[in-house]
Amino acid sequence: MDYQAVLDEVATRVAPEIGRGQVARYIPALASVELGRFGMAIADADGSVYGVGDWEVPFSVQSISKAFSLALVLAQDGETLWRRVGREPSGNPFNSLVQLEYENGIPRNPFINAGALVVTDRLQSLTGDASTTMLDFLRAESGNPELAFDAAVAASETEHGDRNAALAHFMASYGNLDNPVPTLLEHYFWQCSIEMSCRDLALAAGFLARHGVSSDGSRLLTRSEAKRINAVMLTCGTYDAAGDFAYRVGLPGKSGVGGGIVAVVPGRCALCVWSPGLDARGNSVAGVSALDHFTTLTGWSVF
Ligand code: GLN
């Protein structure tokens, strides 16, 4: 496969969609990002990486971090996590409160905010410093020691964090959190604020394309755990648009309101696309479209 030719063709086809949608305004520090940006990278399972457009420009990873926190917890803890969080699509927006009361404080899946808070809570208990553990992991997997938190984004989210605080307190009332809510929120907002480029993220997600093997060749996850994370990404990674994402793209994917989406072709490569304009469900308009073109051009959907 000529990755560079595929990326160039995707960039040409997606051009009319770039600039569509809205930047995430509920986190004011994200609202200043330029709408017309577009970048895409492919990291082959062997570690070689290709890119187009703004593929080396850092952006806020936001909910893409949820795929990595899930991997870190499953790597250390195995299946016990699933007593505290489900693995069904929610059919509701990523920050919705509504299912939590009906379902006794057990979030539907690890990729909506409530579920991600539970995963970060567990990572905090396991490591004593969830956000730094994730940053160190991402630096190692991407090969980029410069990766850092964005303090302004974390502060902005803390300031406007009532919804996430409500989710956390609600779960605490059901006994589904082990750490104090303020500690948990701090680590969650820091993990979401990490800045990475498409290049960094495609490389960092490589272990999901290599069936659980890290960039240094050591095994992070069992083959089965890697498969399961990919399955949950496919069914829940783009929230209440996961059905449409599977229909159009047909790959495990995890989006974030910074406008990035990571996708995985198991056994072959990991991809990351970035364009800040979001649709109503919080997924990048040009990003979904680019991945749609990618699987159309290559035939590499999982179906
Ligand atoms: N940090 C964001 C939040 O908690 C992440 C949401 C997202 O990227 N979908 O609201």
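When a ligand or atom number is given, it counts from 1 through the structure's own listing order. For the single chain, residues carry numbers from 1 onward in sequence order.
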> Just going by heavy-atom distances, which of Arg281, Glu157, Lys254 is nearest to atom 1 (N) of ligand 1?
Glu157
> My understanding is that only one of Thr298, Leu297, Val302 makes a side chain to side chain contact (heavy atoms under 4.5 Å, CB included) with Trp300; could you say which?
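Considering Thr298, Leu297, Val302, a side chain to side chain contact (heavy atoms under 4.5 Å, CB included) with Trp300 is found only for Thr298.
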> Should the pair Phe207 and Phe137 be assigned to parallel (<30°), tilted (30 to 60°) or perpendicular (>60°) ring geometry?
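Taking Phe137 first and then Phe207, their aromatic rings stand perpendicular (interplane angle over 60°).
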> For ligand 1, which atoms sit closer than 4.0 Å to a heavy atom of Cys192?
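Those qualifying, in numeric order: 1 (N).
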> Is Val273 close to Cys198 at the side-chain level, that is, under 4.5 Å between some pair of heavy atoms?
no
> Shared ILVMFWY cluster between Ile42 and Trp55, side chains joined below 4.5 angstrom?
no
> Identify which of Tyr188, Phe111, Phe94, Tyr26 has a heavy atom lying nearest to atom 10 (O) of ligand 1.
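Nearest heavy atom to atom 10 (O) of ligand 1 lies in Tyr26.
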> Report the part of Asn113 (side chain from C-beta onward, or backbone N, CA, C, O) that has a heavy atom under 4.0 Å from ligand 1; answer both or neither where that applies.
side chain
> Give yes if a backbone or side-chain nitrogen or oxygen of Lys66 is under 3.5 Å from a nitrogen or oxygen of ligand 1, and no if not.
no
> For the 3.5 Å polar cut-off, considering only N or O atoms, please tell me whether Phe189 and ligand 1 meet it.
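In this structure, Phe189 places no N or O atom under 3.5 Å from an N or O of ligand 1.
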> For ligand 1, note which part of Asn164 has a heavy atom under 4.0 Å away: side chain, backbone, both or neither.
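For Asn164, the contact with ligand 1 is made by the side chain alone.
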> Is it possible for you to check whether Arg87 lies under 6.0 Å from the centre of the six-membered ring of Trp82, through NZ or CZ, and within 45° of that ring's axis?
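Cation-pi check for Arg87 and Trp82: passes.
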> Please could you name the atoms of ligand 1 that Gln62 approaches to less than 4.0 Å, counting only its heavy atoms?
1 (N), 2 (C), 5 (C), 8 (O)
> Give the contacting part of Ser63 toward ligand 1: side chain, backbone, both or neither, where contact means a heavy-atom distance below 4.0 Å.
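Answer for Ser63: both.
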> Would you mind listing which atoms of ligand 1 come within a distance below 4.0 Å of any non-hydrogen atom of Gly256?
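Answer, ordered by atom number: 8 (O).
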> One thing to verify: whether Asp178 and Arg84 come together as a salt bridge, which I'm taking to mean a side-chain N less than 4.0 angstrom from a carboxylate O.
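Looking at Arg84 and Asp178, the cut-off is met.
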> What I want to know is whether Ser255 and ligand 1 share at least one N or O pair that is separated by under 3.5 angstrom.
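No.
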> In terms of residue, atom name and distance, what is the protein heavy atom nearest to atom 9 (N) of ligand 1?
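Minimum-distance protein heavy atom for atom 9 (N) of ligand 1 reads Tyr239 OH, 2.8 Å.
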> Is it the case that more than 12 heavy atoms not belonging to Tyr26 sit under 6.0 Å from its OH atom?
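Counting other residues, nucleotides and ligands, OH of Tyr26 exceeds 12 neighbours.
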> Enter the distance from Leu271:CG to Leu251:CG here, rounded to the nearest 0.5 Å.
7.0 Å
